[in-house]
Amino acid sequence: MTDQRFNPLAADKRWQKRWAESRVFEADDASSKPRSYVLEMFPYPSGRIHMGHVRNYTMGDVLARFRRMQGFEVLHPMGWDAFGMPAENAAMEKKVHPGEWTRANIASMRSQLKTLGFAFDWSRELATCDPEYYGQEQALFIDLFEGGLVYRKESAVNWDPVDMTVLANEQVIDGKGWRSGAQVEKRKLSQWFLKITDFAEDLLAGLGDLKGWPEKVRLMQENWIGKSQGLQFHFPLAEAQGDIASVEVFSTRPDTIFGASFVALAADHPLTQTLAGQNEALAAFAEQCKAGGTTAAELETMEKKGFDTGLTVTHPLDPDWQLPVYVANFVLMDYGTGAVFGVPAHDQRDLDFARKYDLPVKRVVSDGEETAADYASNEAYTGPGKIVNSAFLDGMTVEAAQQTVIDRAQSEGWGKAQTTWRLRDWGVSRQRYWGTPIPIIHCDDCGPVPVPKEQLPVVLPEDIDFETPGNPLERHATWKHIDCPKCSKAARRETDTLDTFVDSSWYFLRFASQPDDRPFDPEVVKQWLPVTQYIGGVEHAILHLLYARFWTRALASIGKLDFAEPFESLFTQGMVTHETYKHGDGSWLSPDEVEKNGADWAVISDGSPVTTGRVEKMSKSKKNVVDPDPIIEQYGADAVRFFMLSDSPPERDLPWSEAGIEGSWRFVQRLWRLFIAVTDSSDEGEDKTLRRKLHQTVAGVAADIEALSFNKAVAKVFELVNLIEKSQPSGDRTAAIKSLARIVAPMVPHIAEEAWALFGENDLVANASWPKVDESLLVDDEVTIAIQVRGKLRDTITVAKGSNKEHLEELALASEKVQRSLDGAEIKKVIVVPDRLVNIVI
RNA sequence: GCGGACGUGGCGAAAUGGUAGACGCAGCAGACUUAAAAUCUGCUAUCCGAAAUGGGUGUGCGGGUUCGAGUCCCGCCGUCCGCACCA
């Protein structure tokens, strides 16, 4: 006798074991089937999986299982983005080695993921902290180095002057170091860069072909790359300073050149440094500009400060016009030429600066009304218009004036048209231990020399200490000392490690192919790549995805790959959120510390009142985190998976709720009641309505899963289940229930396997094919048509599908309700949309 | 500051420019039960109305295009995400 209740505790484990033993989800490189590579962004092994992971991997799993049922050879791997700062923090706080901590986390997260029954090919599992992985990454880095795509230059980092260490942006809180509390400074270090800007044009152009990517991500990347065309030109200095005779600037608005009122230099501009040598006040100001961190948000919101150097430059179009030269804290040496000219009337930042230092503000673009040179507003005008107060440019449009100025600059030889990019080269040096060692040896005579490939991997030393802040590799007694591979003299290893974004820029290649002796086999990679569907958080929309696109192109450019785009389709999922709870004293409370008391919430322990706050992203600080483990244990993997797919569209946030998971649990039990009833149910008799609904559901759910609209797929499953429950026993009903097991198999695979076995099938439902659709059953033969009068619904009629316009108009006008509504008014027009509606215009 | 998105019942939402609110949650009423749970049946945007297979209103706010707008366009407001060393 079959259990009346589905027991996930036993069933989940049983089927997970069966799947593992039969190795059904291991991808076959030699398969002759069409390929599908389904990939979710691999997790950072923080210690425990969270609901966001559960949601992400459930979505990918549904697609992977569905594609298998549709006859694809599916690659659906899992691994660990295992390098990064949290491991070093743990080392400092808990006195545990970062590697040990990371590996323990991986072990526990792996077993957590396994309880959810994901169809992963675990045979391909990798962790980026394995020497087998990062050693191959070092080989790729050397390839890029030899391909001329790697170089070294000075770049600013956040420096904590007390701890004497480099800080990540995340470690800078309100401009202060998170541990020391000291005011953070910018400090220049010599660092390794990858030439992503060489690919700027190509990365931009490639976006156009990424049809499977969300429009918003493509737009964000486009803006990030930030192609702008403008004029690069020089302002001659009234008096040359040493060997510097002019200031080179770049502007995207050369049309406003007659509105210029000052030139501003970066604090670390060569001219600033020359002048600071003779001017103590300026030197002090330049020093002051080092205060603060390096983030864009910080730089752009800080108070704009300047220092008048006393120098002047000559306007290129008017030899009698002298402009003052300032040093300003908002001008960055890293962007453009490290110097700008300010046009206060048409740039907000310049306007703020001009008002502060009492500089002229001259209107040169008219908004269509005001044309006077005098500009009174404190809001810059950045819109389109006609040029005014600008000599030979007057009356031109902004675009025409830009071209005119560029042409003139080029013919007169003081400037040239220039394309610049917002995108900067990728700085990959990190002054940290827990990352991939950069495989370079510094030799006094030979310069930077790559580690010979046969000496790879350059392995991280195990004996390190985190007692002192800073990079343990730098302090290690012996590790960095090595002889130069070229000249054999004493030399030093590079002690910086690679940005973890490098690790995640090629893991999808290593999943596809992982030979021992090289990063990947291009022939095998070619079978799987590009990734058919990539799924992950929208927070990766720019950096990770752009870096991965770059890395793929870079490898292609040196002949290691023969495709440019790694991800054919991309889906960015929403976050899992939860209501927040606050105690009277202002402290946050976790969901398991509170209970609902009538309409109000109270603390369980002492009954004191609780205010409920906004529904927001689960975070430790707000304490609104729900740990998946106990939930899976209580309700089973299928209920949790089903909840993750229900209700909220996958790209939007999903509010976690106890009631929601209860509902999913009840649904799983509803399915079970249908499944167990099949064994003693009828094979006789027809039910055309149900059969039609079944086929519509099979087709509809398939389309929804394909589009990753899981919430819609779930709604269609509900409709089918509702109808089956209401239907009388029949052959069609029995068939519908049997098909239902396959329809829900990608979503709730454990109960589906259980049902499949119950139906007497010997093979796994994981190996079953998706039900066939009878196309003729997809269309109804009757349709309900709306009848509107002046766009307002007045009646509905049911007619045969495909009824002609004249007939529909006749029926509409015959309607009593329509006549009442018309009330004898004159009919001007009748709009008839067949199978849809009739609209009577009066 | 810059860039991007989102905004529909009590809640999550659905809706090729064509009947707004499918489906789920919560709630209410009822059935079953000694009782509870589970399950089943019905109702559930809002206002007017005793009710109606009555009518009005309604998709953040203000305009516009259209026979017809949640959907398209313009301008606001609000919320969230990203900003290059968090992953």
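Here is how names work: the chains are called A, B, and so on, in the same order as the sequence lines, proteins then strands, and each is numbered from 1.
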Quick one: are the ring centres of A:Tyr534 and A:Phe571 less than 6.0 Å apart? no
Students often get this wrong, so: under 4.0 angstrom with heavy atoms, is A:Leu837 touching a base, only sugar-phosphate, or nothing? base
Determine the interatomic distance between C1' on B:G68 and the same-named atom on B:C72; round to the nearest Å. 13 Å
Which nucleotide, if any, forms a Watson-Crick or G-U wobble pair with B:C67, using both distances under 3.5 Å? B:G18
Once the angle between the rings of A:Phe667 and A:Phe642 is folded into 0 to 90°, is it parallel (under 30°), tilted (30 to 60°) or perpendicular (over 60°)? parallel
Within the modelled atom types, does a donor on one side and an acceptor on the other bring the side chain of A:Asn169 and the base of B:C85 under 3.5 Å apart? no
Using the C1' atoms only, state how far B:A84 lies from B:G3, rounded to an integer number of Å. 13 Å
Nearest whole Å is fine: how far is B:G82 C1' from A:Met575 CE? 12 Å
In B:G9, glycosidic geometry as syn within 90° of 0 or anti otherwise: syn
CG (A:Asn624) and NE2 (A:His578) are apart, to the nearest 0.5 Å, by 7.0 Å
Could you measure between the two C1' atoms, the one in B:C74 and the one in B:C23, and give it in whole Å? 35 Å
Integer angstrom distance from the C1' of B:U39 to that of B:C32: 9 Å
Any side-chain N or O of A:Arg652 under 4.0 Å from OP1/OP2 of B:G7? yes
Is the phosphate of B:U19, meaning OP1 or OP2, less than 4.0 Å from a side-chain N or O of A:Asn839? no
Rounding to the closest angstrom, what is the interatomic distance between B:G78 and B:G27 at atom P? 35 Å
What interatomic distance, in whole Å, is found between P of B:G62 and the corresponding atom of B:U44? 29 Å
When rounded to the nearest Å, what value does the distance between C1' atoms of B:G21 and B:A14 take? 7 Å
Using a cut-off of less than 4.0 Å, is there contact between a side-chain N or O of A:Thr500 and OP1 or OP2 of B:A87? yes
Quickly work out the A:Asn158 CG to B:C85 P distance and round it to whole Å. 10 Å
N/O (side chain, A:Arg424) to phosphate O (OP1/OP2, B:C85) under 4.0 Å: no
NZ/NE/NH1/NH2 to OD/OE distance under 4.0 Å, A:Lys304 and A:Asp352: no
For A:Ser648 and for A:Arg666, locate the closest nucleotide of RNA chain B by heavy-atom distance; then report the residue assigned to the nucleotide nearer the 5' terminus. A:Ser648
Is there a side-chain contact between A:Ile705 and A:Phe710 in this structure, where contact means two heavy atoms from C-beta onward sitting under 4.5 Å apart? yes
Of all the choices, B:G4, B:C40, B:A13, which nucleotide is nearest to the side chain of A:Asn711 once you look at every atom? B:A13
With C1' as the reference atom in both, quote the distance from B:A15 to B:U71 in angstrom, rounded to an integer. 9 Å
Once you round it to whole Å, what is the distance between C1' of B:A84 and CG of A:Asn223? 15 Å
Check A:Glu719 with A:Lys693, please: is the shortest side-chain N to carboxylate O separation under 4.0 Å? yes
